[in-house]
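Input: a single structure, listed below in C-alpha cells.
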Amino acid sequence: MLQLQAIRDHKDTFIKALKKRNIDGASLLENVLDLDDKRKATQTQLDATLAESNKLSKEIGLLFKSGKGQEANALKEKTGSLKESSKQLGEQLNSIAEELQNLLYQIPNIPHESVPAGSTDEDNEEIFREGDIPTLINDAQPHWELAKKYDIIDFELGVKVTGAGFPVYKGKGARLQRALIAYFLDKNTAAGYTEIQVPHLVNETSGYGTGQLPDKEGQMYHVGDDDLYLIPTAEVPITNLFRDEILNEQKFPICYTAYTPCFRREAGSYGAHVRGLNRLHQFDKVELVRVEHPEKSYQALDGMVEHVKEILRELKLPYRILRLCGGDLGFTSALTFDFEVFSTAQDRWLEISSVSNFETYQANRLKLRYKDENGKSQFAHTLNGSSLALPRVLAGILENYQTAEGIQIPEVLIPYCGFDKIE
RNA sequence: GGAGAAAUGGCAGAGUGGUCGAAUGCGGCAGUCUUGAAAACUGUUGAGGGUCACACCUCCGGGGGUUCGAAUCCCUCUUUCUCCGCCA
C-alpha cells in the first residue's frame with residue numbers, strides 16, 4: 001500500500017511510474033488525495049465535537065462532586081446534541097476511511113526507476129545469462145516422459161488422490177526432492193539466513209498484510225469452515241511474522257529462509273505450458289525473506305540475486321536473469337528479477353526464482369516499522385526471493401542431465417541423494 | 001469437545017464509573033559521579049491522527065451497548081492459562 005504522504009509529495013513521479021504498468025494513475029491518485037482531504041476535514045470536525053463533549057463531561061463531574069446537581073443536570077441537556085453529531089460524524093468518517101482504504105488497496109506498488117515499460121513477459125529485459133546449454137542425446141525427452149520412464153513422478157496417482165496438479169513423487173524422485181530442499185536450506189543458512197518453519201495456513205489479515213488479498217483472492221485455496229488460506233508462498237507467513245512490529249534499527253538485516261509447500265489454484269491456466277511439473281497446484285519451495293533498512297534494501301536485493309546465481313552455478317544449470325517490465329511486475333513489487341532455467345528438451349525457459357524488493361509497500365500494510373536514529377518510526381523495506389522453487393529445477397535437472405544410461409545427478413546433490421544416477 | 005480463570009505500555013504488574021494515557025518495578029535512552037566501566041543518583045521513555053509548532057482527538061485483546069462520563073459495568077467474538085475428555 002502506498003503511503004499517503006508519499007503520494008502527496010511525488011504525485012507526478014508516481015503517475016509517470018505507474019504508466020510503466022500501463023495504469024493511468026492520474027485520476028486514481030487524485031481521488032485518493034481528495035478522499036484524504038475529506039477524511040482530514042471530517043476528522044477535525046469530529047475531534048472538535050468530542051473535545052467539546054469531553055469538556056462538558058468533566059464539568060458535570062465537578063459539579064456533581066461539589067453538590068451542584070441542578071447545574072449539572074442543566075449541562076447534561078447540552079451533551080445530547082453533541083452526541084448525536086459526533087455519532088453522525090463518526091459514521092461519515094468510517095465510510096470515508098473505508099473508501100480510501102479500498103482505493104489504496106487497488107493501487108499497485110510504484111515500479112523502481114530501472115523497471116522497463118512493457119505489457120507482457122516479452123518486454124522483460126534479459127540482463128544476464130550463464131551456463132552451457134548441453135547437447136542432448138538424440139531421443140531426448142521432456143521431463144514428464146522421463147518421470148514415467150524411471151517411475152519417479154506419478155501424475156496419474158496424484159489425480160486419483162487429489163486432482164490434476166498434485167503429483168506424487170516416488171523413490172529416487174522423492175529422495176531427489178528432499179535432497180534439493182536440504183541443499184537449498186544449507187546454502188541459505190550458510191549465507192546467513194536463519195532457517196524457520198512456519199504455518200502452511202494463514203488467516204485473512206496475513207493475506208492482506210503481504211498483498212495477496214484482495215488482489216489475488218481467487219488464486220488462494222480458502223478453507224471456508226475456519227476462514228483460513230493455504231499459503232501460495234512462504235513469503236506470506238514469514239513476512240507476517242513482523243506484522244505490527246516496531247523494530248530496533250540494530251536488528252537489521254533480518255534474514256529468514258524456510259521450506260514450505262505452496263498451494264495455488266492457478267485458475268485460468270491451460271495447455272501444453274502446464275504439462276508435467278511446469279505448473280502445479282501444490283509444489284515445494286525454499287524461500288528467502290529479508291527485512292531491511294530502506295537505505296540498504298537494494299544492496300540486499302543484489303545480494304539475493306548473487307546468492308541465487310551461485311546456487312545455479314553449482315547445479316550447473318543454464319539460466320538467465322530477467323528484469324521484469326512494468327506489465328509483468330507483481331502487484332506489490334517495486335523491482336523483480338526472475339531467474340529462468342533452460343529446459344533443453346522442451347526448448348524453453350522455465351521460471352525458477354523471483355527475487356523482489358517491495359520497499360515500503362508491504363510494510364505499510366503490515367505496519368512493520370523501525371525506530372530511526374531520531375527515535376521516529378519509519379517503515380522498513382521487505383524483500384523476498386525463491387531459493388529455489390523445486391518443480392522446475394527438478395524439470396531442468398531431469399531434462400538437462402539425461403543420458404542414454406539414465407539421469408546423472410548434479411555433483412553437489414550426490415551427498416544429499418546418496419546416489420549419482422537415476423536409471 | 002466440556003468446566004473454570006484471564007487479556008492493561010518493550011516486559012512484569014497496579015488500577016472496579018470522573019482529575020487515568022494509566023501507579024510501581026525491570027528494561028531502554030540521556031545526564032551526574034568515574035581515568036573508564038559497574039554501582040548509586042537525577043531526568044526521560046507507548047502508538048496513531050492532527051498542527052509550522054502547540055492545542056486537540058483516538059487507542060487498556062476485537063466488535064457492540066449502558067452512561068453527561070468506561071481500562072473499570074453489560075453483551076459478543078477471539079486468544080491464553082488450568083482441569084477433564086480425545087489424540088499424532
Side-chain angles (χ1 to χ4, degrees), chain A residues 1-9 32-101 103-104 197-209 213 222-229 237 240-252 254 261 291 360 362-380:
Chain A
M1 198 163 66
L2 299 178
Q3 293 172 254
L4 282 162
Q5 196 53 51
I7 297 177
R8 238 171 243 292
D9 294 345
V32 166
L33 293 182
D34 282 351
L35 262 178
D36 190 46
D37 287 338
K38 233 164 115 186
R39 199 212 90 235
K40 275 189 200 172
T42 315
Q43 179 77 255
T44 306
Q45 244 184 318
L46 175 64
D47 285 359
T49 314
L50 288 173
E52 179 68 20
S53 136
N54 285 344
K55 209 177 99 199
L56 283 177
S57 291
K58 264 179 197 158
E59 282 175 29
I60 291 170
L62 288 173
L63 286 173
F64 272 125
K65 269 211 173 130
S66 52
K68 298 176 184 161
Q70 287 267 324
E71 288 175 49
N73 282 321
L75 273 185
K76 270 199 199 179
E77 316 254 316
K78 273 193 176 170
T79 58
S81 67
L82 285 174
K83 235 180 141 178
E84 187 52 40
S85 59
S86 70
K87 197 180 153 193
Q88 270 181 22
L89 285 167
E91 279 165 11
Q92 253 178 58
L93 183 66
N94 281 343
S95 78
I96 292 169
E98 198 187 323
E99 199 183 331
L100 181 60
Q101 184 70 241
L103 206 54
L104 282 171
Q197 298 196 347
V198 290
H200 300 166
L201 280 86
V202 293
N203 58 29
E204 192 184 23
T205 311
S206 293
Y208 275 95
L213 293 173
H222 182 227
V223 183
D225 278 350
D226 296 294
D227 199 18
L228 295 172
Y229 294 86
N240 271 282
L241 254 24
F242 300 97
R243 172 149 45 82
D244 295 321
E245 292 285 327
I246 300 178
L247 303 163
N248 192 315
E249 216 175 353
Q250 278 92 51
K251 290 247 170 110
F252 293 132
I254 294 172
V291 182
T360 59
Q362 290 182 329
N364 188 20
R365 287 196 179 188
L366 294 159
K367 298 286 167 272
L368 162 50
R369 293 160 292 179
Y370 69 94
K371 287 256 196 238
D372 67 14
E373 65 271 19
N374 302 317
K376 283 196 73 177
S377 297
Q378 306 284 354
F379 286 120

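Quick caveat, the model's predicted, so the values are computed rather than measured. In what follows, every chain begins at residue 1, and chains take the letters A, B, ... in the order their sequences are listed.
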Note to self: Side chains of A/D227 and A/H222, heavy atoms from C-beta outward: is any pair under 4.5 Å?
What the structure shows: yes
Any protein N or O atoms within reach of nucleotides 66-70 of chain B? Criterion: under 3.5 Å, listing atom names and distances.
residue	atom	partner	partner atom	Å
B/C68	O2'	A/S57	OG	3.1
B/G69	O4'	A/S57	OG	3.3

Item checked: B/U58 to B/G50 separation - C1' atoms, rounded to the nearest Å -> 11 Å
Checklist line | Rounded distance in Å - CG (A/D227) to C1' (B/U78) | finding: 13 Å
Check: B/G28 C1' sits how many Å from A/Q250 CD, rounded?
Finding: 11 Å
Next item on the list: Mark yes when over 12 heavy atoms from residues, nucleotides or ligands other than A/K78 sit less than 6.0 Å from its NZ; otherwise mark no.
Entry: no
Next item on the list: Searching all strands shown, indicate the nucleotide that pairs with B/A22 (Watson-Crick or G-U wobble; both distances under 3.5 Å).
Entry: none
Next item on the list: Could you encode protein contacts along nucleotides 45-56 of chain B as a string, one character per nucleotide from 5' to 3', using B for base contact, S for sugar-phosphate-only contact and - for no contact, with a heavy-atom cut-off of under 4.0 Å?
Entry: --SSBS-----S
Notebook entry, point to check: Going by an N to O cut-off under 4.0 Å, is there a salt bridge joining A/D37 and A/R8?
Noted result: yes
Notebook entry, point to check: Closest heavy-atom contact between A/F379 and A/N364?
Noted result: CZ-OD1, 3.2 Å
Item checked: For B/C33, the Watson-Crick or wobble partner whose two distances fall under 3.5 Å -> none
Next item on the list: Please name the pair of heavy atoms, one in A/L201 and one in A/V223, separated by the smallest distance, quoted to 0.1 Å.
Entry: CD2-CG2, 3.8 Å
Notebook entry, point to check: With both distances under 3.5 Å as the test, what is the Watson-Crick or G-U wobble partner of B/G1?
Noted result: B/C84
Next item on the list: Only counting residues at least two apart or in another chain, list the ones meeting side-chain hydrogen bond (donor to acceptor under 3.5 Å, both in side chains) with A/E249.
Entry: A/H293
Note to self: Do A/S57 and A/N54 pair up side chain to side chain, a donor and an acceptor below 3.5 Å, judged on atom types alone?
What the structure shows: no
Note to self: Under 3.5 Å for both donor-acceptor distances, Watson-Crick or wobble: does B/G27 have a partner, and if so which one?
What the structure shows: B/U45
Check: Which nucleotide, in any strand shown, forms a Watson-Crick or G-U wobble pair with B/G50, with both distances under 3.5 Å?
Finding: none
Check: Between A/D36 and A/R39, is the closest basic N to carboxylate O distance under 4.0 Å?
Finding: yes
Margin query: Which nucleotide, if any, forms a Watson-Crick or G-U wobble pair with B/A6, using both distances under 3.5 Å?
Written below: B/U79
Notebook entry, point to check: For atom P, what is the distance between B/G69 and B/G21, given to the nearest Å?
Noted result: 16 Å
Margin query: Please report the distance separating the P of B/G2 from the corresponding atom of B/G9, rounded so that it comes out in whole Å.
Written below: 30 Å
Next item on the list: Applying side-chain contact (heavy atoms from CB on, under 4.5 Å), run through A/Y370 and A/V291 and close with a yes or a no.
Entry: CA-CA 10 Å; A/Y370 69 94; A/V291 182; over 6 Å; no
Next item on the list: Round to the nearest Å and state the distance from A/L46 atom CG to B/C59 atom P.
Entry: 11 Å
Check: Does B/U72 have a Watson-Crick or wobble mate here (both distances under 3.5 Å), and if so which one?
Finding: none
